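Contents: one structure, followed by commentary.
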There are 2 protein chains.
Amino acid sequence: MTNKETTSPLRHAQGANMEQQILQCAEELFLEKGFSLVSTTDIAKKAGCNQALVHYYFRTKENLFQQIFQAKFTKFLYIFTTFDDSDEPFTTRLRKKMEAHFDLLIENRQIPFMIINELILNEKRRNNLVKNIYNNNLDIYRNFDRELQEEIKKGNIRPISTLDLLINIVSMNIIIFILLPVLESQFNFDNEEITELLRLRKHEAVETIMCSLRPEKK
Amino acid sequence: MTNKETTSPLRHAQGANMEQQILQCAEELFLEKGFSLVSTTDIAKKAGCNQALVHYYFRTKENLFQQIFQAKFTKFLYIFTTFDDSDEPFTTRLRKKMEAHFDLLIENRQIPFMIINELILNEKRRNNLVKNIYNNNLDIYRNFDRELQEEIKKGNIRPISTLDLLINIVSMNIIIFILLPVLESQFNFDNEEITELLRLRKHEAVETIMCSLRPEKK
DNA sequence: AATTTATTTAATAGACTTATTAAATAGGGT
DNA sequence: ACCCTATTTAATAAGTCTATTAAATAAATT
């Protein structure tokens, strides 16, 4: 913790804005390169302050990263809870969830890489997050599980385990954001082209999942 | 290049084995942690030699990494060329390709992470590899494209772009290897359980793709 | 105006990095 | 016995990194 809580308005010229400035710049850099390839010097340079100030506000680089990572990860999962109060059919709601999840990724394109990177490389963060998911999303998972398996019993959906389906969905939604740097390298897309590419890919990802869930023909 | 080509048998106690030893240890470490989190000191320690020796044989850390990465990446793509001489139906061959690809990943579980990591973080390597893919796999791609679009015309397969299908396949095949560390954190699997998990997941990945390709019911 | 408190900086400790150097070592060929 | 050449090491240059320190600065409070 910084000693920021007891602080009121700005003191210095830039004042307490600098803390936010550092946080923001750190976020951009961490999203782009991951924890270990960003130095506190990089962050300070981008934020326009002395390197020691980064440590003054956040004490350690790890601290700073945790805050950012935790927030992004929570956002990444939160989306799955949406549309549950609607009375539309299960598959319609599932489609909407997927689309909302994809749209969130469009706004935060580097999240998948950041999460993959840190989940694989850092055991401590991995364990923390697994605990976090387990504690905060168990109910959501159970509801989803119940609904899905009911639909399968009714014959509306091909038999599939709940975990497999969730993995499939995440997989189909994140892959394009992993491949985006490669495609950009190859084809020199401009912004409009990328937007269009993502629009098409979103459609394809959703379609693939929905098609894969169709029950067998008799 | 090292000055190794003109060398004949072993001179020293361990002799020329040490070059292989270094390469092997570097491979394991790079696969586990990626380029930037492994130091030449780490490699030397693991290989049981002086740190300078790593540079003696491979001059730079970049050199050493390139060799390993290139080999892994080639292997990762090569699998897609298999079964093309068989006269089985397209979908059967496609299924076999996917299974072979998944089996390769089972034997090299860290490849997906390594590739993702370096493709996103290192623009130079990304560009090299894109060129590499483009030059060496264009014919394979065109063949696959032609066959797929023919099958779609015949109504045997739901309409889908070739690139989308390839992305779907890679996506479904690699995701479990990305998530494996997370699942291991959560459930403390032993080796047998992981083998079983991968067997099930392989089936599900293939099934999802094949189901997603079924044409619409009339 | 003087004091307190918060913000910011320069300087630096201490540990790590890659890569290069020159020197040591050990076998093969003559 | 000697030299040659490949292998291996110790030492080190030059740079990075995180984190801490004490000092400087500026605003708020008295």
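Quick note on labels: first sequence line is chain A, next is B, and so on, each numbered from 1. On a predicted model such as this, the values are computed, not experimentally measured, just so you know.
Residues passing the side-chain contact (heavy atoms from CB on, under 4.5 Å) test with Q110(B) are L31(B), sequence neighbours excluded. The salt bridge (charged side-chain N to carboxylate O under 4.0 Å, His left out) search around D42(A) returns none, not counting sequence neighbours.
Separating the CG atom of L64(A) from the C1' atom of dT18(D) is a distance of 13 Å, rounded to the nearest angstrom. When the C1' atom of dA24(D) is taken as reference, atom CG of L53(A) falls 14 Å away, rounded to whole Å. Between the C1' atom of dT16(D) and the NZ atom of K61(B) lies a distance of 12 Å, rounded to the nearest Å. The distance between atom CZ of F58(B) and atom P of dT18(C), rounded to the nearest whole Å, is 15 Å. Atom NZ of K33(A) is separated from atom P of dC17(D) by 11 Å (rounded to the nearest Å). Between M18(B) atom CE and dT7(D) atom P the separation is 12 Å, expressed in whole Å. Distance Y56(A) OH to dA26(D) C1': 12 Å, rounded to the nearest Å. If you measure from atom NZ of K45(A) to atom P of dA10(C), you get 14 Å, rounded to the nearest angstrom.
Each of dA19(C), dC17(D), dT9(D) was ranked by its minimum atom distance to the side chain of Q51(B); first place goes to dA19(C). Picking from dC17(D), dT18(C), dA19(C) the nucleotide with the shortest atom distance to the side chain of S39(B) gives dT18(C). The side chain of R59(A) lies closest to dT20(D), out of dA19(D), dT20(D), dT20(C). Nearest nucleotide to the side chain of N50(B), out of dT7(C), dA10(D), dT18(C): dA10(D).
Residues T162(B) and Q149(B) bring a donor and an acceptor atom of their side chains to less than 3.5 Å of each other.
Among the protein residues, V38(A) comes within range of the sugar-phosphate backbone only, with heavy atoms under 4.0 Å from sugar or phosphate atoms but none that close to a base.
Along DNA chain D, the nucleotide nearest A52(A) and the nucleotide nearest D42(A) are compared for position; the residue whose nucleotide lies closer to the 5' end is D42(A).
With salt bridges taken as basic N to acidic carboxylate O contacts below 4.0 Å, one links E207(A) and R95(A).
Ring geometry for F144(A) versus F90(A): interplanar angle of 30 to 60°, hence tilted.
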